Amino acid sequence: MPLSSVAANASEQEIPYYQSVGNECAMFEQAFQQRLPLLLKGPTGCGKTRFVSHMAAKLGKPLFTVSCHDDLTAADLTGRYLLQGGETRWVDGPLTRAVREGGICYLDEVVEARKDVTVVLHPLTDDRRMLPLERTGELLEAPDDFMLVVSYNPGYQHILKSLKPSTRQRFVAMSFDFPPPAVERDIVARESGLAPERCAALVNLAASLRAMKGQDLEEGVSTRLLVYCATLIGTGMPILDAARATLVEPLSDDADVQEGLMEAIHATFG
């Protein structure tokens with residue numbers, strides 16, 4: 001599976017839909033123009049990745065997206081020598097490509113990556129804006145149109161998976177949360193095609209389920225799952241079946257917790 005995906009310029013594709021709830025778009029643009037790295041914090045499924053895709057297309061810049069995980073190494077980002085056609089050749093990783101070509105490199109859930117990844121990022125997140133490639137002996141200087149964006153979910157942090165203060169303080173940071181009810185209703189309606197008045201009930205239900213976070217649930221229901229639920233309802237699937245498949249099963253495997261979630265769903269839809 002490839003580590004990166006590259007978005008075409010805004011002139012070549014429609015800008016991904018994103019509905020702002022504050023000054024986040026202006027903040028992103030200023031960070032890009034001033035060549036500042038950006039850190040996005042917020043719960044799973046609240047729109048961080050869609051926001052980055054939206055801004056990259058809006059600015060007309062290529063987007064290199066990396067989904068971080070436990071086995072992700074610095075070499076996965078920077079590149080490695082590979083055997084191609086009987087010859088050993090250097091192949092750039094997504095971070096190196098973004099630095100060479102210009103564009104936005106987005107590391108999603110950066111705290112999931114191994115610790116050597118953050119060390120590689122440090123020279124790119126201060127006034128040097130450099131990427132050393134020890135294997136090739138190169139020292140790449142990031143162009144003006146390069147931007148580094150990382151994200152993580154603070155709710156999942158613990159002592160073994162957190163950003164050190166010395167790393168966090170290298171970034172301009174923004175906190176994300178789920179949109180206000182009226183905005184979330186409009187987002188769910190637009191993304192799923194379900195009527196706004198029907199989506200309003202789902203958003204109200206989400207508020208009830210999110211109140212269970214920290215008690216019975218590790219994480220509240222995401223806007224993404226609400227879109228999934230509304231999409232299934234729009235196909236004609238019974239509401240309770242759609243809700244179980246999207247708002248119960250993905251959130252917990254515990255039978256008692258699932259029963260509690262279904263009680264809340266029944267209270268909303270009968």
Side-chain angles (χ1 to χ4, degrees), residues 2-7 16 18 24-25 27-59 61-79 92-132 140 142-143 145-177 222:
L3 281 171
S4 65
S5 58
V6 184
Y18 175 80
E24 66 268 30
C25 292
M27 181 67 73
F28 191 104
E29 288 192 36
Q30 286 301 317
F32 176 80
Q33 292 172 7
Q34 300 303 319
R35 301 182 296 282
L36 301 174
L38 184 62
L39 167 64
L40 308 180
K41 303 183 291 181
T44 299
C46 70
K48 301 186 297 295
T49 299
R50 175 62 67 89
F51 170 64
V52 177
S53 298
H54 171 84
M55 292 306 302
K58 184 178 179 181
L59 293 169
K61 302 301 177 184
L63 176 61
F64 301 79
T65 298
V66 180
S67 296
C68 298
H69 52 80
D70 290 340
D71 294 326
L72 185 75
T73 66
D76 292 324
L77 290 182
T78 58
D92 285 340
L95 179 62
T96 303
R97 288 186 60 197
V99 172
R100 288 194 198 276
E101 303 169 18
I104 297 169
C105 185
Y106 173 49
L107 307 185
D108 187 22
E109 294 296 344
V110 67
V111 295
E112 297 294 333
R114 287 169 37 168
K115 294 300 181 183
D116 62 335
V117 168
T118 56
V119 174
V120 169
L121 301 180
H122 282 183
L124 285 168
T125 55
D126 56 29
D127 58 342
R128 291 173 291 175
R129 283 174 56 87
M130 306 291 288
L131 178 62
L140 303 181
D145 60 350
F146 167 80
M147 183 182 189
L148 178 64
V149 182
V150 303
S151 71
Y152 72 97
N153 179 355
Y156 286 153
Q157 279 198 93
H158 54 75
I159 191 169
L160 296 178
K161 287 190 176 181
S162 62
L163 284 180
K164 293 181 179 180
S166 59
T167 299
R168 288 203 307 270
Q169 292 187 30
R170 292 173 175 272
F171 292 84
V172 174
M174 291 194 292
S175 291
F176 278 64
D177 205 342
S222 66

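Please read these numbers as outputs of a predicted model, since none were measured by experiment.
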Of Leu140, Leu124, Val66, the one forming a side-chain contact (heavy atoms from CB on, under 4.5 Å) with Leu95 is Leu124
Considering all heavy atoms of both residues, which atom of Cys105 and which atom of Phe146 are nearest to each other, and what is their separation? CB-CE1, 4.1 Å
Can you check side chain to side chain contact (heavy atoms under 4.5 Å, CB included) on Phe32 and Asp145, steps first, answer last? CA-CA 7 Å; Phe32 176 80; Asp145 60 350; 4.0 Å; yes
Around atom CD of Gln169, are there more than 12 heavy atoms of other residues, nucleotides or ligands at under 6.0 Å? no
side-chain hydrogen bond (donor to acceptor under 3.5 Å, both in side chains) filter on Thr73, not counting sequence neighbours, yields Asp76
Under the side-chain hydrogen bond (donor to acceptor under 3.5 Å, both in side chains) rule, collect the residues that match up with Glu29, sequence neighbours excluded. Lys58
N/O donor-acceptor pair under 3.5 Å between Arg129 side chain and Pro143 backbone: yes
Can you tell me how far CG of Leu40 sits from CG of Leu107, rounded to the nearest 0.5 angstrom? 11.0 Å
So, taking the atom named CG in Leu77 and the one named CZ in Phe64, what distance separates them when rounded to the nearest 0.5 Å? 12.5 Å
Report the residues that fulfil salt bridge (charged side-chain N to carboxylate O under 4.0 Å, His left out) with Asp127, sequence neighbours left out, ordered by chain and then residue number. none
How many angstroms lie between CD in Gln34 and CE in Met147, if you round to the nearest 0.5 Å? 11.0 Å
Sequence neighbours excluded, the answer for salt bridge (charged side-chain N to carboxylate O under 4.0 Å, His left out) partners of Asp92 is Arg100
Tyr18 vs Met55, side chain to side chain contact (heavy atoms under 4.5 Å, CB included): CA-CA, chis, key distance, verdict: CA-CA 9 Å; Tyr18 175 80; Met55 292 306 302; over 6 Å; no
Could you tell me which residues satisfy side-chain hydrogen bond (donor to acceptor under 3.5 Å, both in side chains) with Thr167, sequence neighbours excluded, listed by chain and number? His122
Trace of the side chain to side chain contact (heavy atoms under 4.5 Å, CB included) decision for Glu112 with Asp70: CA-CA 5 Å; Glu112 297 294 333; Asp70 290 340; 3.7 Å; yes
Compile the donor-acceptor pairs under 3.5 Å between side chains in residues 45-52 and protein atoms, sequence neighbours left out, one pair per line.
| residue | atom | partner | partner atom | Å |
| --- | --- | --- | --- | --- |
| Lys48 | NZ | Gly42 | O | 3.0 |
| Lys48 | NZ | Pro43 | O | 3.0 |
| Thr49 | OG1 | Tyr106 | OH | 3.2 |
| Arg50 | NH1 | Tyr17 | O | 2.9 |
| Arg50 | NH1 | Glu191 | OE1 | 3.3 |
| Arg50 | NH2 | Glu191 | OE1 | 3.0 |

Step by step, would you call Lys41 with Phe176 a side chain to side chain contact (heavy atoms under 4.5 Å, CB included)? CA-CA 6 Å; Lys41 303 183 291 181; Phe176 278 64; over 6 Å; no
Val172: partners by side-chain contact (heavy atoms from CB on, under 4.5 Å), with sequence neighbours left out: Met27, Leu36, Leu38
Residues that Arg170 engages under salt bridge (charged side-chain N to carboxylate O under 4.0 Å, His left out), provided they are two or more places apart: Asp126
Any non-hydrogen side-chain atom of Leu163 less than 4.5 Å from a side-chain atom of Phe171? no
Mind listing the closest non-hydrogen atom pair of Ala113 and Leu72 along with its distance? CB-CD2, 3.8 Å
